[in-house]
Amino acid sequence: MNTPGAMKKLDRRDAKLVMAHMYVVFTCLLVGGLAGLLQVLVRSGKVTLPAGIGYYQILTVHGVILALVVTTFFIMGFMQATVSFTAGAYSNAQRRLGWIGFWLMLIGTAMAAAMILTNKASVLYTFYAPLQAHALYYLGLTLVIVGSWMGGAAIIIGYRRWKKANPGKPSPLLTFMSVVNSVMWYVCTLGVAVEVLLQLLPWSLGMVDGINILASRTLFWYFGHPLVYFWLLPAYMAWYVVIPKVIGAKIFSDSLARMSFILFILFSIPVGFHHQLLEPGIDPAWKFLQVVLTFLVVIPSFMTAFALFATFEKHGRQIGAKSLFGWLKKLPWGDARFTVPFIGMLAFIPAGAGGIVNASHQMNQVVHNTIWVTGHFHLTVGTAVLLTFFGVSFWLVPHLTGRVLTKKMNKLALVQGILWAVGMTFMSGAMHAAGLLGAPRRSAFSEYGGAAQAAEWIPYQIAQAVGGSILFISIIVMVCIFINLAFFAPKGEQEFLVGEVDADAEPTPLVYENWKLWLGITALLILFAYTIPFIDIIQNAPAPSKGFKLW
Ligand code: HAS
């Protein structure tokens, strides 16, 4: 309950729910980071894993824990915080859904982790067939997704309640953005649910002899590309709405932000083939169509870059910046809540350029399945997104625990961000370079084919190990900051940071909340991009597939 005049706070019960997510995030960050460190050391050829631990086992721990668990828990926690704060405290039903979702995700994580740690699920985070895992691994990941659906339902209920109470008004921007991300998540997770429930689980339980591999990969990537935008959009929420508040600026345009989010719903899903450009069995014409759609999904990111530059420049000039880039000097470089996410934004420029290379049909042949791709996603999710999440936690966690980020911790947070930038420059830079020389991804040093070729990659592998070690130090620093903010920082008041829209911005049209329209177009685009190729994949499945040819 907030008293008039006092700083507005997140409902205490909702804060507890969000904090529960944060404990999981930072515990898993440490485990996943350690697995990452072991991996770069093994790849350098200088270290052998003890006790018969396999390379693919730690690679699976690393990918599942960091790419699937840390992200999903942070995103569900952050989005629920923004909805409770901007659309009103959760009702008991919403809170119950939030908690059920949290526990389902946690039980699912524990099940999947147990299977990976006992080496019964060394199938990597993409769990491609014909690699087969224990059924409990698939069930565990299913629970993580079902749990996130519960959290998504709480978000949508909050949104609907706000709309009912405020007819004819655009919803609060952060709530709208959380709803968009949840809607996208519902639509895309249907693909992986079908893959797991109809293919992988029956196969893992021995109910069918084999499965249609191409269908399973296609269902996975129908989900897999929007998955990366499920990670990205919460970072964009912070870039559009939180960062202006941190630097004392206004949000450049509410409408532009909403439009870019809507474009992600439309274009993020019918593009999964750009992960399968080198796979036989899909007609090149359909691949070409999805490449074109991939170039369309780049547009909302360009819009975001434009809005950010506009925010920074306009604000800088308002407070006295003169020259072309004078506004850069006016940014609050000493504030980790700005600088750490800003490093993420900077990294997203080469990261996005790399994505465009990946998506370019012919160039994909050079980089596909090389460690270039690993370099790409360490810049995107591993830097742009993760550093933004860290930047958010520097104010969100103290807000939730009723503490403050001290000057000392702020300095440490800046050190953490800089360490990350240095470590990632080494690691991801070397990954991109080695990838261009043909170094494969997902391979331990001992598994490389020609020794001469491997020798050519060694300097890059050492650079990756150096970078990876620096990144691990940065993770330790981050976990220390979290522990401080959660338990030891001085008590005090930290504002929940939500920016206001610029008075010059055009009013927001209500069409952005015409869900029938956007979901209708989304369904049409998905049907257009997938129906015929999927029928082909099913009809032309090779033996031993039979019947419906999913098996
Ligand atoms: Fe990607 C593979 C294409 C974005 C993650 N991607 C992956 C994989 C992951 C991943 C995890 O087309 C590996 C999957 C696996 O395991 O196999 N990706 C793209 C494209 C984009 C893109 C076109 N990816 C992301 C994001 C990710 C992510 C975001 C995670 C969050 N990606 C691909 C393709 C593959 C792929 C192929 C398959 C490769 C293969 O062969 O296997 C685009 O969305 C990128 C658009 C981004 C931009 C940048 C905009 C810049 C901004 C920052 C502005 C900065 C400011 C500050 C304002 C156009 C918004 C500046 C201030 C100054 C002072 C300068």
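Reckoned from all heavy atoms, side chains included, excluding hydrogens, waters and symmetry mates. We count ligands from 1, going down the list as the structure has it; atoms in each ligand are counted the same way.
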Give the numbers and elements of all ligand 1 atoms closer than 4.0 Å to a heavy atom of [X].
{"X": "V298", "answer": "23 (C), 59 (C)"}
{"X": "F302", "answer": "59 (C)"}
{"X": "V381", "answer": "30 (C), 31 (C)"}
{"X": "G355", "answer": "3 (C), 18 (N), 19 (C), 20 (C), 23 (C)"}

Say whether [X] and [Y], considering side chains only, have a donor N or O and an acceptor N or O under 3.5 Å apart.
{"X": "Q416", "Y": "S474", "answer": "yes"}
{"X": "W372", "Y": "N358", "answer": "yes"}
{"X": "T311", "Y": "Y240", "answer": "no"}

Give a yes or no on whether a salt bridge exists between D254 and R258, defined as a side-chain N under 4.0 angstrom from a carboxylate O.
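Between R258 and D254 there is a salt bridge, with a charged N closer than 4.0 Å to a carboxylate O.
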Could you check whether K250 pairs with D504 (Lys NZ or Arg NE/NH1/NH2 to Asp/Glu carboxylate O, under 4.0 Å)?
no
Protein contact to [atom] [nearest heavy atom, distance to 0.1 Å]:
{"atom": "atom 56 (C) of ligand 1", "result": "M345 CB, 4.0 Å"}
{"atom": "atom 8 (C) of ligand 1", "result": "F377 CD2, 3.7 Å"}
{"atom": "atom 61 (C) of ligand 1", "result": "F309 CZ, 3.5 Å"}
{"atom": "atom 12 (O) of ligand 1", "result": "A359 CA, 2.9 Å"}
{"atom": "atom 45 (C) of ligand 1", "result": "G352 CA, 3.7 Å"}
{"atom": "atom 25 (C) of ligand 1", "result": "T380 CG2, 3.7 Å"}
{"atom": "atom 62 (C) of ligand 1", "result": "F342 CZ, 3.4 Å"}
{"atom": "atom 58 (C) of ligand 1", "result": "L308 CB, 3.5 Å"}

Flag the pair P130 / I213 as yes when at least one side-chain heavy-atom distance between them is below 4.5 Å, and no otherwise.
yes
Heavy-atom distance under 4.5 Å between the side chains of V241 and M177, does that happen here?
yes
Option among V297, I299, I269, V180 that satisfies the side chain to side chain contact (heavy atoms under 4.5 Å, CB included) test with F264
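Result: among V297, I299, I269, V180, V297 is the only option passing the side chain to side chain contact (heavy atoms under 4.5 Å, CB included) with F264.
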Within reach of ligand 1, part of [X] (heavy-atom separation under 4.0 Å):
{"X": "W221", "result": "side chain"}
{"X": "V367", "result": "neither"}
{"X": "N364", "result": "side chain"}
{"X": "N358", "result": "both"}
{"X": "L278", "result": "neither"}

Is there a side-chain contact (heavy atoms from CB on, under 4.5 Å) between F127 and Y137? Walk through the geometry before answering.
CA-CA 10 Å; F127 43 89; Y137 171 83; 3.8 Å; yes
Heavy-atom distance to [atom]: which of [options] wins?
{"atom": "atom 17 (O) of ligand 1", "options": "R442, H361, M363, R441", "value": "R441"}
{"atom": "atom 49 (C) of ligand 1", "options": "Y128, F273, F348", "value": "F348"}
{"atom": "atom 1 (Fe) of ligand 1", "options": "H274, E313, H376", "value": "H376"}

Would [X] count as a polar contact of ligand 1, with the cut-off being nitrogen or oxygen pairs under 3.5 Å?
{"X": "I349", "answer": "no"}
{"X": "N369", "answer": "no"}
{"X": "Y125", "answer": "yes"}
{"X": "Y229", "answer": "yes"}
{"X": "H368", "answer": "yes"}

Mind checking whether atom 1 (Fe) of ligand 1 has an N, O or S of H225 under 2.8 Å?
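Of the N, O and S atoms in H225, none lies under 2.8 Å from atom 1 (Fe) of ligand 1, which means no.
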Is it the case that the ring center of F338 lies less than 6.0 angstrom away from the ring center of F342?
yes
Determine, using ring centers only, whether F309 and F312 are less than 6.0 Å apart.
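Ring-ring flag for F312/F309: false, centres at least 6.0 Å apart.
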Is L328 in contact with ligand 1, taking contact as a heavy-atom separation below 4.0 Å?
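So L328 counts as touching ligand 1.
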In sequence, state the C-alpha distance, the side-chain angles, and the governing distance for Y530 and Y222, and then conclude on ring pair (Phe, Tyr, Trp, His ring centres under 6.0 Å).
CA-CA 9 Å; Y530 273 110; Y222 164 93; 5.6 Å; yes
Mind running side-chain contact (heavy atoms from CB on, under 4.5 Å) on F325 and L328 for me, showing each step along the way?
CA-CA 6 Å; F325 293 110; L328 268 173; 4.2 Å; yes
Cation-pi geometry met for R442 and Y56 (6.0 Å, 45°):
no
Look only at the side chain of T339 and the backbone of W333, and say whether a donor-acceptor pair between them is shorter than 3.5 Å.
yes
Verify, without hydrogens or angle tests, whether T189 (side chain) and Y186 (backbone) share a donor-acceptor contact under 3.5 angstrom.
yes
